[in-house]
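Remember, it's 1-based here, ligands and their atoms both numbered in the order they're listed. Values below: all heavy atoms of this structure, side chains included; hydrogens, waters and symmetry mates excluded. Note that the numbering runs from 1 along the sequence shown for the chain.
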Amino acid sequence: MELRFLGHAAFALSDGGTSVLVDPFLTGNPRAAASADELDATTILVSHGHGDHVGDTVAIAKRTGATVVAVVELANELGGEGVDVRDPNLGGTETFDWGSVKLVPAWHTSTSPGGTPSIACGLLIEFAGTTIYHLGDTCLFSDLQLVGRGREIDVALVPIGGHYTMDRHDAVEAVRLVGARTVVPIHYDTFPPIETDAQAFKTDVEAQTASQVVVLAPGESWSS
Ligand code: NI
Ligand code: MN
């Protein structure tokens with residue numbers, strides 16, 4: 001499978017036939033690697049209600065017919081715009097022919113563009129035999145270690161930009177708690193408040209944990 005970084009916290013997962021988008025914030029994203037109207041999707045996963053994560057979800061879902069997965073209050077709002085939704089809450093798993101997604105905790109706020117309060121989530125994704133943990137927007141908290149317990153996480157997508165999420169120093173401890181084989185830093189350098197040094201994060205993680213860091217520029221991919 002291929003995991004393509006689209007900038008900020010947005011990804012496209014593909015295995016040839018199936019394309020799953022995560023947090024497709026493209027319009028208004030100064031580092032977007034694609035435009036919303038050129039992306040295909042069978043499913044769109046949304047970690048929480050903030051505009052830099054919901055992004056172009058409704059437009060892409062309407063054009064492609066993709067099913068949207070989001071926490072129940074957010075799913076209700078998006079469903080009201082005429083797209084097909086699945087509406088789990090924390091701990092819930094949604095299964096598809098490509099695999100599954102489970103909503104797991106993230107410590108962060110979440111009010112959607114339509115004004116609906118909900119809770120922010122992380123996404124534990126099984127896609128084409130690869131386990132991907134998108135941490136969403138979160139600060140450091142000890143229960144991160146529960147998410148990967150009893151399973152092997154192949155790749156963790158970890159926010160490092162600070163200000164709205166954990167910074168690159170707390171993210172090193174988060175990586176230790178999560179224990180993924182590969183780590184891709186996200187949610188940095190998109191806007192001035194979240195500028196940081198991804199190469200320093202890589203150096204620190206690889207000196208202090210067993211994880212390897214792959215820094216992807218927007219548009220670049222990681223393959224399992
Ligand atoms: Ni957020
Ligand atoms: Mn965000």
Side-chain angles (χ1 to χ4, degrees), residues 3-13 20-34 36 39 44-60 68-78 87-90 101-125 132-141 143-144 147 155-171 174-175 178 183-198 201 215-219:
L3 179 150
R4 182 177 176 222
F5 183 43
L6 299 175
H8 199 55
F11 287 86
L13 315 178
V20 174
L21 297 178
V22 185
D23 286 358
F25 166 53
L26 305 157
T27 303
N29 174 355
R31 307 203 68 209
L39 291 172
I44 304 173
L45 313 178
V46 183
S47 67
H48 67 291
H50 286 154
D52 60 317
H53 297 262
V54 174
D56 299 290
T57 293
V58 170
I60 297 170
V68 177
V69 182
V71 72
V72 55
E73 292 84 0
L74 177 58
N76 287 344
E77 179 181 308
L78 298 174
D87 63 349
N89 209 319
L90 288 172
V101 59
K102 179 181 183 181
L103 300 191
V104 298
W107 268 102
H108 186 68
T109 62
S110 180
T111 299
S112 60
T116 308
S118 58
I119 196 162
C121 302
L123 305 168
L124 188 62
I125 304 162
I132 303 150
Y133 178 19
H134 190 300
L135 273 68
D137 283 2
T138 189
C139 60
L140 176 63
F141 66 113
D143 283 357
L144 290 168
V147 174
V155 57
L157 314 175
V158 178
I160 66 165
H163 193 75
Y164 302 115
T165 69
M166 63 174 99
D167 62 20
R168 70 175 177 85
H169 305 289
D170 281 352
V175 167
V178 169
V183 169
V184 176
I186 64 172
H187 213 276
Y188 68 97
D189 286 0
T190 320
F191 308 109
I194 60 172
E195 285 175 1
T196 195
D197 186 341
F201 169 72
V215 177
L216 296 178

**OP:** Name all residues meeting the side chain to side chain donor-acceptor pair (under 3.5 Å) criterion together with Thr111; count only those two or more places apart in sequence or in a different chain, and write none if there are none.
**Re:**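 For Thr111, no residue satisfies side chain to side chain donor-acceptor pair (under 3.5 Å) once neighbours in sequence are set aside.
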
Original post:
With His134, which residues qualify under side chain to side chain donor-acceptor pair (under 3.5 Å), at least two apart?
Top reply: none

Subject >> Asp56 (side chain) donor-acceptor with Leu26 (main chain) under 3.5 angstrom >> reply: yes

Original post:
Glu77 side chain to Ser112 main-chain N or O, any donor-acceptor pair under 3.5 Å?
Top reply: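 A pair under 3.5 Å: no.
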
Original post:
Would you say the side-chain atoms of Asp137 and Thr165 include a donor-acceptor pair closer than 3.5 Å?
Top reply: no

Subject >> Donor on one side chain, acceptor on other, Thr190 and His8, under 3.5 Å >> reply: yes

Original post:
About how many Å separate CG of Asp167 and CD1 of Ile160, when rounded to the nearest 0.5 Å?
Top reply: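 The CD1 atom of Ile160 sits 9.5 Å away from the CG atom of Asp167.
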
Original post:
Closer than 2.8 Å to the Ni ion (ligand 1), which protein N, O or S atoms?
Top reply: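 Hits for the Ni ion (ligand 1) below 2.8 Å: His48 NE2, His50 ND1, His108 NE2, Asp137 OD2.
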
**OP:** Go around the Mn ion (ligand 2) and count every protein N, O or S atom nearer than 2.8 Å.
**Re:** 4

Original post:
Can you say whether the rings of Phe5 and Phe11 are parallel (under 30°), tilted (30 to 60°) or perpendicular (over 60°)?
Top reply: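 Because their plane-to-plane angle lies in the 30° to 60° range, the rings of Phe5 and Phe11 count as tilted.
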
Original post:
Is the His187 to His163 ring centre distance short of 6.0 Å?
Top reply: no

